[in-house]
Amino acid sequence: MIYLDYQATTPLAPEVAAAMRPWLEEKFANPHSPSKWGSEAAAAVEVARKQLERAIGLEGGSVAFTGSATEAINWAIKGTIEKAAPQRKRIITVATEHAAVLDTCEWLEKRGAEVTQLPVGSDGLLNRDDLKTALDEQVALVAVMLVNNEIGVIQPVAEVARLAHESGALMLCDAVQGLGRVGIPAGPDLVAVSAHKIHGPKGIGALWMRKGAEPAPLIHGGGQEQGLRSGTLSPALCVGFGVAATVASERFDEDHAHIERLWDAAAGALGSRWIVNGSIDQRYRGNLNIRCEDIDAARLIGDLRDIALSLGSACASGSGRPSHVLRAIGLSDREARSSIRLGFGRYTTEAELVGAMRRIDAAADAQGQFAA
Ligand code: PLP
């Protein structure tokens, strides 16, 4: 398999697998139990928490572990609305956010919240004036992602946070695709992240919370995570997340330079009829979302079974619906269905990427010939 689906998930780093192993095997104590073994597990969880906080790099807050970034986002949005002053029941978000944000907002809308979904331009970027116009003293939360999971574009998160704060609202940043790939800008009050996008294990996410901006709990029970998120933590998953975050920070420059080389190689191998979806400049370059007029992208993926790539996003691929992100940047259904997403990263080699690009181009060619 040639793996080009780094936005869906990333391979587990060998350093992470090695660090997790003892916590899956002999060190199985409950980190919330007072025994010597429980305390050892609790200490390992605290080391992981500090490692993740360092990698997030923001001052004045702390991290709570969750079962996924989807949970962290649900918690941030629902818990912030629950705690907000009665006159602040509005949420502002963007049409290209992940379903974890959009569907949570829709759920709250059915229960009385007011949701404003801002549009984006054809480059996928939010217009600051639209945000300024939408903000007022009724807004409790502004939710804007850092790096888009489908088209890779980078939103102006620091400025969004500044504008949100000016009107007294909090800001949530879904940094799932940004952690370890681009720096997380200062400004957000809440930041959602996920281990499996940074070569960590699946089944663990986290919410970074500025002190004082902690949302009301979503999950009730044993009072773990300072009473904010109940449930027994998995030391193996926490340790894996912490090590993945540390490795990502230590390798940041090396990974970045590798991605730049891969992007240049992929762009060079791309036939001229392919068009890049979304901004070229304001972009994380490990994401290449491209379209080719009149190809059937689902068929192309079927024709190239040993290459793992995606239709827009893993979620949109499963539903059969055209991607809401590609529609939001102004593509027709037909153009959206002619789009594929290639995601590459730390373990992708230039040779396999260029080889895959050539085969994708040839498969698109074959579709054109067949249609003619
Ligand atoms: N937000 C973004 C931008 C994502 O790409 C994803 C995963 O695809 C999520 C949120 C959800 O993350 P998790 O898989 O940890 O629930």
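Order of listing sets the numbers, starting from 1, for every ligand and every atom in it.
- Residue Ile73 has no nitrogen or oxygen atom sitting less than 3.5 Å from a nitrogen or oxygen atom of ligand 1, judged on distance alone.
- Counting only N and O atoms by type, the side chains of His98 and Asn148 include no donor and acceptor under 3.5 Å apart.
- Atoms of ligand 1 lying under 4.0 Å from at least one heavy atom of Gln177, given by number and element, are 3 (C), 4 (C), 5 (O).
- Thr116 and Arg90 share a donor-acceptor pair across their side chains, judged by distance under 3.5 Å alone.
- Below 4.0 Å from some heavy atom of Ser194 lie the following atoms of ligand 1, by number and element: 13 (P), 15 (O).
- For a threshold of 3.5 Å applied to N or O pairs, the pair formed by Asp174 and ligand 1 contains at least one separation below that value.
- At a heavy-atom cutoff of 4.0 Å, ligand 1 is contacted by the side chain of Val176 but not by its backbone.
- Set against the non-hydrogen atoms of Met145, the atoms of ligand 1 under 4.0 Å away are 3 (C).
- Near Asn149, with a cut-off below 4.0 Å to any heavy atom, the atoms of ligand 1 are 3 (C), 5 (O).
- Of the heavy atoms in Lys202, none comes closer than 4.0 Å to ligand 1.
- Note on ring orientation: taking the six-membered ring where Trp is involved, the planes of Phe241 and Phe65 are tilted (angle from 30° to 60°).
- Defined by atom type and a distance below 3.5 Å, a donor-acceptor pair is present between the side-chain atoms of Thr9 and His196.
- Below 30°, between 30° and 60°, or above 60°: for Tyr3 and Tyr6 the angle between ring planes is between 30° and 60°, a tilted geometry.
- Listed by atom number, the atoms of ligand 1 under 4.0 Å from Ser68 heavy atoms are 15 (O), 16 (O).
- Checking Glu97, Glu71, His98, His196 against atom 6 (C) of ligand 1, the nearest heavy atom belongs to His98.
- Donor-acceptor pairing under 3.5 Å is recorded for the side chains of Asp361 and Trp274.
- Using modelled atom types and a 3.5 Å distance limit, the side chains of Arg291 and Asn277 yield a donor-acceptor pair.
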